[in-house]
2 protein chains.
Amino acid sequence: METILVENEVQQEVKLLDAINDDHEGVIVELNKPINSDDFASMLRASIAQWRKQGKRGVWIKVPIELVNLVEAAVKERFWYHHAEPKHLMLIYWIPECTHTLPANASHRVGVCAFVMNEKREVLVVQEKTGILRGTGVWKFPTGVVEEGEHICDAVVREVKEETDIDTKFIEVLAFRQSHKAFFEKSDLSFICLLQPLSFNIQKQESEIDAAQWMSLDEYVAQPFVQTSELLKYIFDLCLAKIDKTYSGFSPVLTTSNISNENGYLYLNSRDLRSQ
Amino acid sequence: METILVENEVQQEVKLLDAINDDHEGVIVELNKPINSDDFASMLRASIAQWRKQGKRGVWIKVPIELVNLVEAAVKERFWYHHAEPKHLMLIYWIPECTHTLPANASHRVGVCAFVMNEKREVLVVQEKTGILRGTGVWKFPTGVVEEGEHICDAVVREVKEETDIDTKFIEVLAFRQSHKAFFEKSDLSFICLLQPLSFNIQKQESEIDAAQWMSLDEYVAQPFVQTSELLKYIFDLCLAKIDKTYSGFSPVLTTSNISNENGYLYLNSRDLRSQ
């Protein structure tokens, strides 16, 4: 651990925080050892003075929840919240005089909705144990939330497997929907996906699913809950357009970005691109 | 403010926290007045006891950054972090014995990328002042981040206006890409959008943009940075397929959900749906 001399009334040695450089002229501090909050405040002040001299810009401090006693000290030094996960809080500070260019926090939850049909034109539907449709008797397509670091095309296959034990192959995204204030200030993006079933024996998940079955398309769409929903009728229409006509959604292509140097799926209308 | 009697050595009156009910048998507390952290801890314990009796499940506490002194007290009562925004932290607690069913935190940032072409087959491109391409001389399509509560189709029009002063009309999403670990543990979803220009005189934004121009498609694609990027070449191919052939992306339709009772845009292949 580095130390520097701080000029006080009596000159004293103050330890500096361990930090690593990020790619944007900033530094990242990951706290992991218990420390008295007054000592932390001194170290933080001395470290910021040092980083300022070095021309550093953004300062990130990741505070595990066990070290919550340090949060107040950082906020007193004019740090603010960037984001939080269950077990840590990320605090940030901007050293230069100019407006900060720090990246925004995540703003959207991403969900998936699975349209899975067998050869008898029956669609895979479930009744959920929790949520707004609990106890209503409404049969709905399996849905779920994309987990951290998970591809959309993997998430929807996983959700169907978890809820019904049906194995499926991802075909394409038929449509997606963005909605706001789904919870607190955050927004939702939900991807309606076509999957091809690879197995047919349903085994429902005990914890979340009340019932699961293959249901005829006619019976599904005749449900009052579907009939009164502009959105669900739209989705049903495009599922029908897909199975009976020539509707083309977006299918995934793995591509590498030379900016971020990572792999990701680009979802596009492959049929139209190929047909040129 | 409600009060209850707590049996201590001396029976004393403890105030309860003001809370409102949510739609999932939980309660939401929004702290807004300064309070001593010991008093807060007593009120919190008494309130939880009361909520437990009432059969409440999730407890949400929104703590503004000015009241950071209360965070440690809540964590000591076994609250954990749900999410944070620059000026507040949301803490949660689950009263029942079973596993919690609280909604996940937002996991994705959402970006937009604009393909805008004029009648001379020139595309609108910019050079950015910050970020990874700063100072490289690379010309790129305007990009940006979707703001809280903003529709994708509005965000991309706003970004083009901000960066170049060009007015545009949103046409459709040509493709989208999901990538992971874009920053910390979060993921990115980026939507490549076709916009129709409604004005043509460029006025670049001073703060973020170094230069902006209409550039011939040939010149754009000939850039080494584009030529060496699998992703950018793919995107360019589908832009060409759109302007010269019959590529169909997803266009937005405003729909209402009867589950969440809110409006949102459903993005779908309208051409294929209409053509049935």
Side-chain angles (χ1 to χ4, degrees), chain A residues 65 68-69 71-72 75 80-81 83-86 89 101 103-110 130 132 145 148-149 151-152 175-180 182-183 185-187 189 228-231 234 238 241 245-250 255-260 262 264-269 272-273 276, chain B residues 65 68-69 71-72 75 80-81 83-86 89 101 103-104 106-110 130 132 145-146 148-149 151-152 175-180 182-183 185-187 189 228-231 234 238 241 245-250 255-260 262 264-269 272-273 276:
Chain A
I65 196 163
V68 61
N69 64 309
V71 173
E72 188 176 355
V75 170
W80 70 93
Y81 305 139
H83 65 269
E85 295 299 329
L89 177 62
T101 57
N105 189 1
S107 55
H108 286 64
R109 287 188 305 175
V110 177
T130 57
I132 207 152
V145 174
E148 215 165 75
H151 296 300
I152 291 164
F176 63 87
R177 186 165 189 269
Q178 186 194 25
S179 57
H180 299 304
F183 98 112
E185 301 304 309
K186 300 300 183 178
S187 301
L189 262 166
T228 56
S229 167
E230 189 192 11
L231 175 61
Y234 238 114
L238 58 92
K245 308 288 176 70
T246 58
Y247 185 94
S248 180
F250 285 175
T255 55
T256 305
S257 160
N258 57 345
I259 296 179
S260 53
E262 44 64 40
Y265 280 106
L266 182 67
Y267 293 77
L268 50 82
N269 186 335
D272 282 7
L273 190 66
Q276 310 302 321
Chain B
I65 197 163
V68 61
N69 65 308
V71 173
E72 188 176 355
V75 170
W80 70 93
Y81 305 139
H83 65 269
E85 295 298 330
L89 178 61
T101 58
S107 55
H108 286 63
R109 288 187 306 174
V110 177
T130 58
I132 207 151
V145 174
V146 176
E148 215 165 74
H151 296 299
I152 291 163
F176 64 87
R177 186 167 190 268
Q178 187 194 24
S179 57
H180 299 303
F183 96 112
E185 301 303 309
K186 300 299 182 177
S187 301
L189 262 167
T228 56
S229 167
E230 189 191 11
L231 176 61
Y234 237 115
L238 59 91
K245 308 287 177 69
T246 58
Y247 185 93
S248 181
F250 285 174
T255 55
T256 305
S257 160
N258 57 345
I259 297 178
S260 53
E262 44 63 39
Y265 280 106
L266 182 67
Y267 293 76
L268 51 83
N269 185 336
D272 282 5
L273 190 65
Q276 312 302 320

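Bear in mind that the values here come from a model prediction, so they are computed numbers and not experimental data. Letters go in sequence order (proteins before strands), and every chain restarts at 1.
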Close side-chain approach of B:K245 to A:D272, heavy-atom, < 4.5 Å: no
Max heavy-atom pair count under 4.5 Å with chain A, selected residue of B:V71, B:N269, B:L89: B:N269
Closest contact, heavy atoms only, B:A106 versus A:R109: CA-CG, 3.7 Å
Parallel, tilted or perpendicular: ring planes of A:F176 versus B:F176, cut at 30 and 60 degrees: perpendicular
Sidechain-backbone polar pair: B:R177 side chain, A:T255 backbone, donor-acceptor under 3.5 Å: yes
Residue part contacting chain B, namely of A:V75, when any heavy atom lies under 4.5 Å: side chain
Residue among B:Y265, B:Y234, B:F250 with most heavy-atom pairs under 4.5 Å to chain A: B:F250
Atom of A:S187, atom of B:G149 and distance for their closest heavy-atom approach: OG-N, 3.9 Å
Option that, when pairs with chain B are counted at under 4.5 Å, heavy atom only, ranks first among A:P86, A:A175, A:G249: A:P86
Heavy-atom pairs under 4.5 Å with chain A, option from B:L266, B:T228, B:V145, B:V146 with the top count: B:L266
When B:E230, B:E72, B:Q178 are compared by non-hydrogen pairs under 4.5 Å with chain A, the top option: B:Q178
